[in-house]
Q: 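Structure in structure tokens, see below.
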There are 2 protein chains.
Amino acid sequence: MTLLPSPQQLRYLIALAESRHFGRAAQACSVTQSTLSAGLLALERQLDTSILDRDAGRHVVFTPLGLELVERARTALSALEAVSEAVLAAREPMGGPLRMGVIPTIGPFLLPRLMPALRRAFPRLKLYLREDTTANLAARLNANRLDLLLLAVPCECPGAEAMPVARDAFVVALPPDHRLAGEEQISPAALSTERLLLLEDGHCLRDQALAVCGLLAGDGTGEQDGFAATSLHTLVQMVANGLGITLLPRLAVAAGIVEGTGLVLRPLAGAGAWRTLGLVWRQNAPRASDYRALGAHLVDTCREALQ
Amino acid sequence: MTLLPSPQQLRYLIALAESRHFGRAAQACSVTQSTLSAGLLALERQLDTSILDRDAGRHVVFTPLGLELVERARTALSALEAVSEAVLAAREPMGGPLRMGVIPTIGPFLLPRLMPALRRAFPRLKLYLREDTTANLAARLNANRLDLLLLAVPCECPGAEAMPVARDAFVVALPPDHRLAGEEQISPAALSTERLLLLEDGHCLRDQALAVCGLLAGDGTGEQDGFAATSLHTLVQMVANGLGITLLPRLAVAAGIVEGTGLVLRPLAGAGAWRTLGLVWRQNAPRASDYRALGAHLVDTCREALQ
DNA sequence: ACTGTTCGATCGATAAAACCGATGACCTTG
DNA sequence: CAAGGTCATCGGTTTTATCGATCGAACAGT
């Protein structure tokens, strides 16, 4: 039987990959630098390969194989942690810490409603939140630094399981004096010729809104003077200032994002366009059944939030 | 940070689950019984849970949670082994041992051609073979006791990646004095009223043949007097004895399975039915690129084997 | 009921390893 | 060239894994 790397060695490896600094990596692992150094040397000796390029000056440089090993170490360590966590999950369903990631176009509008409902339904749940873009959240989910994502599905996330929870329609928001403000509803085709304001690149809502207008995402598509908003709230302010029009998710509208701005809201003509909100977690996550139960509650909360 | 189970402890757990006997499990791990016993007790203590039901007489009985932990331990250990194996795979592409499973309706007809070709292309490859049904092979793939499967895809195998390599058409085989033997080609509908002989339950070819005839798989479907064949060779002998007709994969026919039997072969009318041969391996398998290269060779071999 | 056997748990001793603190060698920077 | 920072190495200590021997309970055959 081949000699296996120890979990500790893998921790050292991952910590070093994240900080690229022996001392800080050691600190993250709560050991001394000498211990971490020796542990990594032992790992290289056991695997009979070189993980670090030690001829590369004083910077920590990984060999190509070393980088692959880091990735595999991550999944291996996640699998090990899943063993421990399965015990906790079985002992106390819907208890303990849950690290959830949420995108900025959902969080501020849904969480204020969701949190009280969850606290009522699952009093023992400790929910840690992180707001970030889909790509960053997905990376953290894979690195086992988040347990659950609340975002627009489908999303590129290999090895993950998704559960759709709600359909969130897009609504056109315009200044009251806009020439389209008199229309009952607005056709998607009409949008593509307007000055369409969008969130900056990286927000999935941006790409979805562009898709609704029949435009392809790309550098600066749909931007006015190269200017894009950093949040839906600033986006609304820009529209209120007459800089253009935009698409808002019904979820944000229902949460009152346009209140006091005087903006006019109009539905999209036709079958309408929407995004699908959903939960995403790692396959084989020990608490997957918890996540599904949470998703069931989320379905209710979304129905209420979307009136 | 939570205390993680050690790889050794997981090995003990898995070995015990497989043998349900402390002494033999210890032997499988090359340790003494006392070591394994202490290791498992330490694991239960660390996880603060009970894995074994020790009030259940002298038999080894796992708790429900214990069984789940065994499953998770398997995946965790596989992930750990993947780290080590990635090193070997990088050091020597297409070298070292490869444990391949193959179904009985492919192996005897393709391997005689495949093996010499592989030996020529990859001289350093050490290929271990196991012939079994799809279900058993899939179980062994998941348990990390096989690396690669050669079978009919798609197959139920979660967490696996598949690569189709060839299309293998079905051919009707009949006795020369059969009333359908005079036809140029035979329609699938005509088959369903014939005395159709098939492999016994568990062979995927059986279900595929039934599907071709528009029949659903079920208890005894398509059996004559409750009698089913255990291999394609015996099946051919039964047809030659006038007990009925059957469907054979072109692969077996091309390998000469009906030679000397006097059986008549007729194509199926219409678009024709076929099975897809393919390779399957675990996602994240360190040698996945090797498997794809092997699959590319397999495409050639199959083309030749199917003439 | 008695008895020998089998099986898993426990104990004491020993060898291996993980870890720490201090130190050394080397590179980089001012 | 000197100073600071960074990783590797070394000696000593603590912890852990393992073994061999033994114990006690459950079971089977008489």
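What you see is a predicted model, and the numbers here were worked out from it, not measured in a lab. Residue numbers start from 1 in every chain, and the chains themselves are labelled A, B, ... in the order their sequence lines are given, proteins ahead of strands.
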Q: Roughly, in whole Å, what's the span from CG in A/L16 to P in D/dA8?
A: 9 Å
Q: Round to a whole Å and report the spacing from CZ of B/F22 to C1' of D/dG20.
A: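 After rounding, the reported distance stands at 18 Å.
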Q: Heavy atoms under 4.0 Å is the rule here; annotate nucleotides 18-23 of chain C 5' to 3' with B where the base is hit, S where only the sugar-phosphate is, and - elsewhere.
A: -SBBB-
Q: What closest approach, in Å, do B/T230 and B/L199 show between heavy atoms, and which atom pair accounts for it?
A: C-CD2, 4.1 Å
Q: Atom CZ of A/R24 to atom C1' of D/dC7: distance rounded to whole Å?
A: 13 Å
Q: A/L41 has an atom CG; how far is it from atom P of C/dA25, in whole Å?
A: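 Atom CG in A/L41 sits about 17 Å away from atom P in C/dA25.
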Q: Would you name the heavy atoms of B/R130 and B/L137 that are closest together and state the gap between them?
A: O-CD2, 4.0 Å
Q: Between B/E44 (CD) and C/dA9 (C1'), how many Å, whole number?
A: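 Checked: the CD to C1' distance equals 12 Å.
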Q: In the structure I gave you, are the side-chain heavy atoms of B/M163 and B/L298 within less than 4.5 Å of one another anywhere?
A: no
Q: Starting at CD1 of B/I51 and ending at P of C/dA9, how long is that distance when rounded to a whole Å?
A: 12 Å
Q: Whole angstrom is fine here: how far is it from CG in B/L43 over to P in D/dT16?
A: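 It works out to 15 Å between those atoms.
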Q: Check the distance between D/dC27's C1' and B/H21's NE2 and give it to me in whole angstrom.
A: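 Answer to the nearest Å: 13 Å.
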Q: By the 4.0 Å heavy-atom rule, please label A/G23 as base, sugar-phosphate, or nothing.
A: sugar-phosphate
Q: Taking only distance into account, with no hydrogens and no angle test, what donor-acceptor pairs under 3.5 Å do side-chain atoms of residues 93-101 of chain A form with protein atoms, sequence neighbours excluded?
A:
| unit_1 | atom_1 | unit_2 | atom_2 | d |
| --- | --- | --- | --- | --- |
| A/R99 | NE | A/D147 | OD2 | 3.1 |
| A/R99 | NH1 | A/N144 | O | 3.2 |
| A/R99 | NH2 | A/N144 | O | 3.2 |
| A/R99 | NH2 | A/D147 | OD1 | 2.8 |

Q: Answer yes or no: does atom CD of B/Q27 have more than 12 heavy-atom neighbours from other residues, nucleotides or ligands under 6.0 Å?
A: no
Q: Could you go through the side chain to side chain contact (heavy atoms under 4.5 Å, CB included) check for A/V60 and A/H21 one step at a time?
A: CA-CA 7 Å; A/V60 174; A/H21 185 286; 5.7 Å; no
